[in-house]
Amino acid sequence: MIEDMVGWLENIVLTVGYPGVFFTVALESFFTPIPSEALMPFLGYMAYRGELSIYWTIIIATLGSYIGTLPFHIIGYLGKDSIERFLRKYGKYLFISNKGIDNVFNMFNKHGNSIVFFGRMIPTVRSLISFPAGVAKMNFGLFSLYSIAGSFVWTAVLVLIGYFLGDGWEKAIKWISGYEKVVLFTFAAGLVVYAGYFIYKKFKEKKAD
């Protein structure tokens, strides 16, 4: 799969140049099965080969990454009312209480900047973080600012890794995949703990009744 993606990406970039970089990164940011752990280091490798400028690659890839987040943000923003109604009605079956929903909105009101910034550096989450930001109706200017900043850090690190590794750029895939597994495991463990706490709390409330 990686070989096919590399060949496809190389053809696009060599044919249309930086617009190809913008398009593929925007697609990666929206369509998660395209792995950034392979895409970004390969772009760095192409800069190492002299096919691209390292500076323009980072800038254009950052903008493409940001644009790719907007559809989820718009969907969340426009569908906020129906999503909230659904969660308040059926959320209890997903271990989501009304208080939990309010806490999420409050959390984005207080810490939305940090959530979006760091969320853009977490595999898988980085493609979806703009959705809850849209649902919480986070200020669009601030969302854009912190989304671009987070995208810049993630993009610059991965592109530079590919650039400095040169012909060994594929090593980055293993390194970043290891990072991704640790992050996703931590996230899954957090969900299990949260679900366990919620069940325990409900059981305690019923026992008290």
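For the atom pair OH of Tyr77 and CG of Leu70, the computed distance is 14.0 Å after rounding to the nearest 0.5 Å. One distance of note links CD1 of Ile59 with OG of Ser53; it measures 7.5 Å at 0.5 Å rounding. Interatomic distance, Leu145 CG to Phe140 CZ, rounded to the nearest 0.5 Å: 11.5 Å. Taking CD1 of Ile60 as the start and CZ of Phe22 as the end, the distance is 9.0 Å to the nearest 0.5 Å. Residue Ile74 holds its CD1 atom at 9.5 Å from OG of Ser130, rounded to the nearest 0.5 Å. Residue Asn113 holds its CG atom at 4.0 Å from OH of Tyr146, rounded to the nearest 0.5 Å.
Formation of a donor-acceptor pair under 3.5 Å by the Thr69 side chain with backbone atoms of Tyr66 is found in this model.
Across all their heavy atoms, Met138 and His73 have their closest contact at O-NE2, 4.2 Å. Here the closest heavy-atom approach between residue Thr62 and residue Ile148 is recorded as CG2-O, 3.6 Å. Residues Leu52 and Val21 come closest through the heavy atom pair CD1-CG2, 4.1 Å. Between Thr155 and Ala61, the shortest heavy-atom distance links the atoms CG2-CB, 3.5 Å. Between Ile75 and Phe131, the closest heavy-atom pair is CG2-CE1, 3.9 Å.
Around atom CZ of Phe152, no more than 12 heavy atoms belonging to other residues, nucleotides or ligands sit under 6.0 Å away.
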Validation: residues 40-48 side-chain donor-acceptor distances under 3.5 Å, sequence neighbours left out:
from	atom 1	to	atom 2	distance (Å)
Tyr45	OH	Asp167	OD1	3.4

Report task. Report the C-alpha distance between Val16 and Phe23 in whole Å, list the side-chain angles of each, state the deciding distance to 0.1 Å, and finish with yes or no for side-chain contact (heavy atoms from CB on, under 4.5 Å). Result -> CA-CA 10 Å; Val16 296; Phe23 169 76; over 6 Å; no
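One side chain, Arg120 or Ser65, offers a donor N or O that lies under 3.5 Å from an acceptor on the other.
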